[in-house]
Amino acid sequence: MNILVLGSGGREHTFAWKIAQSPLCKNLYVAPGNSGTAAIATNVDIGVTDFDAIKELVLDKQIDMVVVGPEDPLVQGVHDYFLNDEAIKHVSVIGPQKIAAQLEGSKEFAKEFLFRHNIPTAAYESFTKDTVEKGCIFLETLNPPYVLKADGLAAGKGVVILNDLNEAKAELKSMLVDSKFGNASSKVVIEEFLDGIELSCFVLTDGENYKILPTAKDYKRIGEGDTGLNTGGMGAVSPVPFATDDFLNKIEERIVKPTVEGFKKDNLPYKGFVFIGLIKVGDDPKVIEYNVRMGDPETEVVLPRLKNDFVEILQAIANGTLNKIDLEIDKRAATTIMLVSGGYPEAYEKGKEITGIDAITESIPFHAGAQLKEGKVVTSGGRVISITSYGNTYQEAIKKSYQSIEKLHFDKMYYRKDIGFDL
Ligand code: AMP
Ligand code: GLY
């Protein structure tokens, strides 16, 4: 079959890498893709939310399946766009329909879903411009730190955690009244702070059945020791060493099962990946957030541990036959270290030549913000390339990634040297 992957990051390079290994895939396209996908698929320069151009490509190349990487097209309804068009409704789209994608597109929608289905999560209330004073009074009833979340998509920046009550009140006003995050903060969810260690659980569902992929933990802060600004993710480890069988069982029974049952009860059509952001409070898992896609860079450690034919799994998701699949997971650990442009997540330069990629033999370099230019691989984003390695232990895998990184170079390259430090 012919397959199109939407996106251009490390996650999409990993999808393409895994799909390209399948004998079921004839032609593979990535839109818009990067220098990594260019080497194993055909890149097509189309934006991920340009649905009309995507349709044209799908018809032109006789594409049978579209695998959606990022959340934006899902929240904007790419799956519904296909279903509502006679010419392309036969094409399988991997990703939930728009109404279900609100689980990521609206924090309030997600919180209501969690409470409706008795899934453990932080207590909350939500507020608008008209109820900002009530929001301030609610903040007074909470203990610090205060967690404020813009309701809509805010490019990963919409969550603000503050220790000072007055600062929290000022932040609430700035979000609601001064539209700090534009339309995304026209509503704000204020949450109880949960204290614990975070991990992510990835679930495949065809809307009826589910399969749980390996857990992973990512490192979001730019600085070592988890300090400094939030990023998209600076590295990841799979499996998560503290996720014991007993703890995984709690995640499945208390969170995964009621989530998939909730999709059915609420008529939320869902064929795709569910990324459940969790926090371990004491010995119990609680949901921090839902994402309706895979994580990045978690994908770069989760998919390399999956031994199955990935296209077979994607077909089972599309056809509602996920119950017939047995996941085979590599026992080894996988880790990834993200190399970023100096300055990221604030201003940084692009267009720096990356050298040494071909010298890497013991790890897999997944390209993110990297593009081909005049035959050279150059930086084109903040997160540039993610170096994944296997090991019998995560320590061994991390060591391999750091050794591989020694061979790579680009001007102002930065990476965290402490991935896994807290495990
Ligand atoms: P989110 O976008 O909802 O994942 O939030 C971003 C980050 O903020 C999470 O990864 C957590 O580190 C933190 N966070 C969100 N909600 C809470 C909470 N209720 N308690 C503690 N930390 C939180
Ligand atoms: N690494 C976190 C995310 O993909 O949202």
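Atoms within each ligand, like the ligands themselves, are counted from 1 in listed order. All of these numbers come straight from a predicted model, not from anything done at the bench.
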Checking [X] against [Y]: charged group under 6.0 Å from the ring centre and within 45 degrees of the axis?
| X | Y | answer |
| --- | --- | --- |
| Lys417 | Tyr415 | yes |
| Lys55 | Phe51 | no |
| Lys280 | Phe247 | yes |

Distance under 4.0 Å to a non-hydrogen atom of [X]: what atoms of ligand 2 satisfy this?
| X | answer |
| --- | --- |
| Phe275 | 3 (C), 4 (O), 5 (O) |
| Gly232 | 1 (N), 2 (C) |
| Gly295 | 4 (O) |
| Asp218 | 1 (N), 2 (C) |

Give the numbers and elements of all ligand 1 atoms closer than 4.0 Å to a heavy atom of [X].
| X | value |
| --- | --- |
| Lys149 | 3 (O), 15 (C), 16 (N) |
| Glu198 | 9 (C), 10 (O), 11 (C), 12 (O) |
| Phe193 | 20 (N), 21 (C), 22 (N) |

Can you pull out the closest protein heavy atom to [atom]? Residue, atom name and distance to 0.1 Å, please.
| atom | answer |
| --- | --- |
| atom 8 (O) of ligand 1 | Val159 CG1, 3.6 Å |
| atom 17 (C) of ligand 1 | Ile288 CD1, 3.7 Å |
| atom 21 (C) of ligand 1 | Leu194 O, 3.1 Å |
| atom 1 (P) of ligand 1 | Glu289 OE1, 3.4 Å |
| atom 19 (N) of ligand 1 | Glu191 OE1, 2.7 Å |

Look only at the side chain of Asp418 and the backbone of Phe421, and say whether a donor-acceptor pair between them is shorter than 3.5 Å.
no

So, Phe113 versus Phe263, ring centres under 6.0 angstrom or not?
yes

Less than 6.0 Å separating the ring centroids of Phe273 and Phe15?
yes

Name the one of Asp309, Asn308, Leu306 that satisfies side-chain contact (heavy atoms from CB on, under 4.5 Å) with Glu328?
Asn308

Should Asn291 be counted as touching ligand 2, given the test is an N or O pair under 3.5 Å?
no

Touching ligand 1 at all, Ile161? Heavy atoms, strictly under 4.0 Å?
yes

